[in-house]
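Okay, so here's the structure we're looking at.
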Amino acid sequence: MSRIETPRPIRGTQDMLGEQALRFGHVVQTFDRVRRLYGFGRVEVPVFEPTAVFARSLGETTDVVSKEMYSFEDRGGDSVTLRPEFTAGIARAYLTEGWQQHAPLKVATHGPLFRYERPQKGRYRQFHQLDAEVIGAAEPQADVELLCMADQLLRELGVADGVTLTLNTLGDGETREAWRAALVAHFEKHRGELSEDSLDRLAKNPLRILDSKDPRDRPIADAAPEIDDYLSAEAGAFFAAVTKGLDAAGVAWTRNARLVRGLDYYRHTAFEFVTDRLGAQGTVLGGGRYDGLIETLGGPVTPAVGWAAGIERLAMLIDLPAPERIEVAVVPMGEGAQALAARALADLRRAGIAADMAYKGNMKRRMQKADASGARYAVIIGDDEVARGEVSLKDMAAQTQGPVAIDALVAAIRG
RNA sequence: GCGAUCGUAGCUCAAUUGGUUAGAGCGCCGGUUUGUGGUACCGGAGGUUGCGGGUUCAAUCCCCGUCGAUCGCCCCA
């Protein structure tokens with residue numbers, strides 16, 4: 001029978017083991033700890049949703065929807081989509097599960113997301129994010145709290161030094177419209193000097209010209225009107241409250257008046273924590289206030305703010321976490337030792353002592369395994385020990401070894 | 001979707017301007033030590049050089065295609 005060719009993993013997916021898995025786990029654990037410090041409850045939402053959940057929130061028009069979502073028909077003919085972000089799904093749940101009663105709702109989650117993109121550094125088709133949202137809070141204090149939490153997370157991960165918080169306001173609806181009109185007028189004036197890409201953007205998403213990388217666009221983008229000149233009094237006050245809160249809490253930030261969001265439902269605060277250590281994928285954590293989103297899902301006007309952070313990107317930035325190691329390695333020799341070894345392992349593990357056993361190889365091989373595992377002790381069990389109802393407990397570092405009755409093993413190790 | 005670079009052992013990499021049997025380290029297995037690790041020594045297994053085609057007496061090497069990876073562009077909810 002001829003062998004089939006082993007199926008390849010899907011492009012842009014990852015299999016993680018060892019160091020990579022360790023890094024990933026450390027990011028998630030740290031997030032889970034910090035999120036509790038801020039009173040954010042864990043929320044679980046589906047990995048897939050009706051396509052409308054994401055299509056609505058993204059505004060249907062962008063090619064994001066048509067080209068970059070994993071959408072397909074299920075057997076009933078309904079269009080479903082693997083979630084490309086957390087926010088829309090959580091907003092949907094907020095409406096369909098009656099979570100309005102908990103407003104302001106502070107929730108956090110993490111897990112896989114899917115976007116049909118060309119993989120590159122820190123960018124995958126199945127990727128993973130941390131996510132935190134406050135739904136039903138119009139107060140700038142919510143923005144401040146979220147930013148403090150993000151800042152603390154990055155500090156506790158030890159990456160804060162290479163990362164800066166860039167902050168902007170997109171103003172309220174009125175501000176946004178006025179500014180947008182001024183930008184379009186400005187870019188129209190310089191139509192002839194813009195890159196082809198930016199001419200496209202001018203038609204589809206003019207705000208995006210502001211962060212164009214094309215050198216031909218830079219002078220024009222840099223000379224573009226500032227949002228500050230169009231900020232309404234309320235919008236200005238809101239932004240001032242956020243920055244004041246950050247200053248009071250000791251969170252460093254930099255104004256980036258050109259930081260924008262493509263979608264219309266974003267209002268007021270927009271922010272990104274960026275680094276120059278990840279090539280083209282410099283954003284490590286980003287978010288903002290999306291007061292207009294829940295309406296687009298058919299809900300009542302509901303203020304909300306949140307952020308998400310790429311786990312892979314954070315995992316690349318952190319120092320290598322300490323390896324996980326066991327405390328005790330059980331080394332049985334011969335058939336007669338199996339039962340006693342099973343007993344010893346069970347006793348140790350039930351007592352909360354991490355223990356493992358080498359199954360194969362000669363004694364030397366098993367001792368090598370025990371050594372490589374980083375275990376502090378080896379429990380050696382051969383025919384002699386079995387006959388006496390004992391095991392030999394070896395301190396790996398001290399190279400000392402002595403007999404211990406099987407009943408006394410746990411106590412001996414706890415010392 | 002576009003561009004550039006790269007695909008050799010499980011992993012990291014060699015292999016002279018195209019030349020005979022494709023090598024090393026690590027890892028794995030066995031042994032030196034039939035019950036003792038971190039070092040050391042000896043031996044062994046492991047390759048359709050991503051895949052398909054072409055040029056050539058001869059291709060890991062040159063050409064075309066394809067798949068994949070990486071980095072960038074576009075996009076970035």
Side-chain angles (χ1 to χ4, degrees), chain A residues 5-6 8-14 17-19 53-69 81 83-91 113-124 127 129 131 195-198 200-201 204-205 207-208 211-214 259-266 270 272 278-283 286-288 290 293 296 306-308 310 329 331-334 336-337 358 360-386 391-401:
Chain A
E5 196 179 333
T6 303
R8 311 308 308 162
I10 288 177
R11 164 175 254 182
T13 61
Q14 314 172 77
L17 180 70
E19 174 177 335
V53 168
F54 305 112
R56 286 286 155 64
S57 73
L58 293 172
E60 321 248 10
T61 54
T62 48
D63 35 299
V64 162
V65 173
S66 50
K67 289 168 130 177
E68 300 195 23
M69 295 202 313
T81 295
R83 63 183 180 199
E85 58 159 335
F86 279 114
T87 308
I90 293 173
L113 301 171
F114 305 84
R115 295 179 188 177
Y116 195 88
E117 296 185 292
R118 193 77 170 230
Q120 50 185 286
K121 193 183 191 70
R123 217 178 183 190
Y124 304 91
F127 59 105
Q129 286 190 341
D131 184 89
S195 66
E196 304 78 35
D197 282 335
S198 282
D200 260 14
R201 295 185 183 112
K204 286 195 258 181
N205 202 347
L207 301 205
R208 281 286 165 206
D211 43 34
S212 168
K213 288 171 188 165
D214 195 305
L259 177 61
V260 293
R261 291 280 112 101
L263 301 169
D264 288 339
Y265 56 70
Y266 282 100
E272 287 179 5
L278 290 178
Q281 269 58 51
T283 300
Y290 52 95
L293 170 64
T296 70
W307 56 251
V331 179
M333 285 309 296
K360 51 184 223 171
N362 57 20
M363 180 102 193
K364 177 190 165 110
R365 192 65 59 185
R366 294 185 192 207
M367 285 304 289
Q368 277 176 353
K369 281 265 192 274
D371 184 52
S373 74
R376 221 174 355 227
Y377 298 101
V379 169
I380 297 157
I381 307 173
D383 293 340
D384 300 351
E385 285 84 355
V386 172
V391 301
S392 290
L393 182 62
K394 178 168 187 174
D395 182 314
M396 296 296 277
Q399 299 195 68
T400 56
Q401 182 174 334

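Chain letters run A, B, ... following the sequence lines, proteins first and then strands; every chain starts at 1. Note: hydrogens, waters and symmetry copies are ignored here, and every other heavy atom, side chains too, is used.
The partner of B:U39 is absent, by the rule that a Watson-Crick or G-U pair needs both atom distances under 3.5 Å. Checking B:C61 for Watson-Crick or G-U wobble geometry (two distances, each under 3.5 Å) identifies no partner in any strand. Across all strands shown, B:U55 has no partner, as no Watson-Crick or G-U wobble contact with both distances under 3.5 Å is found. Shown here, B:C74 forms no base pair; nothing in the strands shown gives a Watson-Crick or G-U wobble contact with both key distances under 3.5 Å.
Between A:Asn362 and B:U36 there is no side-chain polar atom (N or O) within less than 4.0 angstrom of OP1 or OP2. Remark: A:Arg365 is in phosphate contact with B:G30, judged by side-chain N or O atoms under 4.0 Å from OP1 or OP2. Between A:Arg201 and B:C74 there is a side-chain N or O to OP1 or OP2 distance below 4.0 Å. Contact annotation: A:Arg115 does not reach the phosphate of B:C75 (side-chain N/O to OP1 or OP2, under 4.0 Å). In this structure, A:Arg123 does not reach the B:C76 phosphate: none of its side-chain N or O atoms is under 4.0 Å from OP1 or OP2.
Looking at A:Gln368, its side chain has no donor and acceptor atom pair within 3.5 Å of the base of B:U36. Remark: the A:Lys364 side chain and the B:G35 base include no donor-acceptor N/O pair separated by less than 3.5 Å. On a pure distance criterion of 3.5 Å, no polar donor-acceptor pair joins the side chain of A:Gln281 and the base of B:G72.
Contact annotation for A:Glu385: base contact, defined as any heavy-atom pair under 4.0 Å involving a base atom. The residue A:Gly382 sits close to a base: some heavy atom pair falls under 4.0 Å.
With C1' as the reference atom, B:C64 and B:G10 are 32 Å apart, rounded to whole Å.
The nearest whole Å value for the distance from the CE atom in A:Met363 to the P atom in B:G38 is 13 Å. What separates NZ of A:Lys213 from P of B:C74 is a distance of 5 Å, to the nearest Å. Across the protein-nucleic acid pair, A:Lys204 atom NZ and B:C74 atom P stand 13 Å apart, rounded to whole Å. Between the P atom of B:C75 and the CG atom of A:Asp214 lies a distance of 11 Å, rounded to the nearest Å. Spacing between atom CG of A:Asp197 and atom P of B:G1 amounts to 17 Å, rounded to whole angstrom units.
Looking at the side chain of A:Gln120, the nearest of the listed nucleotides B:G38, B:U32, B:G72 is B:G72. Nearest nucleotide to the A:Lys394 side chain, out of B:U36, B:G35, B:G72: B:U36. Nearest nucleotide to the side chain of A:Lys369, out of B:G37, B:G35, B:C28: B:C28. Comparing B:U36, B:C75, B:G38 by their closest approach to the side chain of A:Glu117 singles out B:C75. Nearest to the side-chain atoms of A:Lys121 among the listed nucleotides B:C29, B:U70, B:C71 stands B:C71.
With hydrogens and angles ignored, the 3.5 Å screen pairs no side-chain donor or acceptor of A:Arg115 with any backbone N or O of A:Glu68.
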Could you walk me through whether A:Asp131 and A:Trp307 pass side chain to side chain contact (heavy atoms under 4.5 Å, CB included), step by step? CA-CA 6 Å; A:Asp131 184 89; A:Trp307 56 251; over 6 Å; no
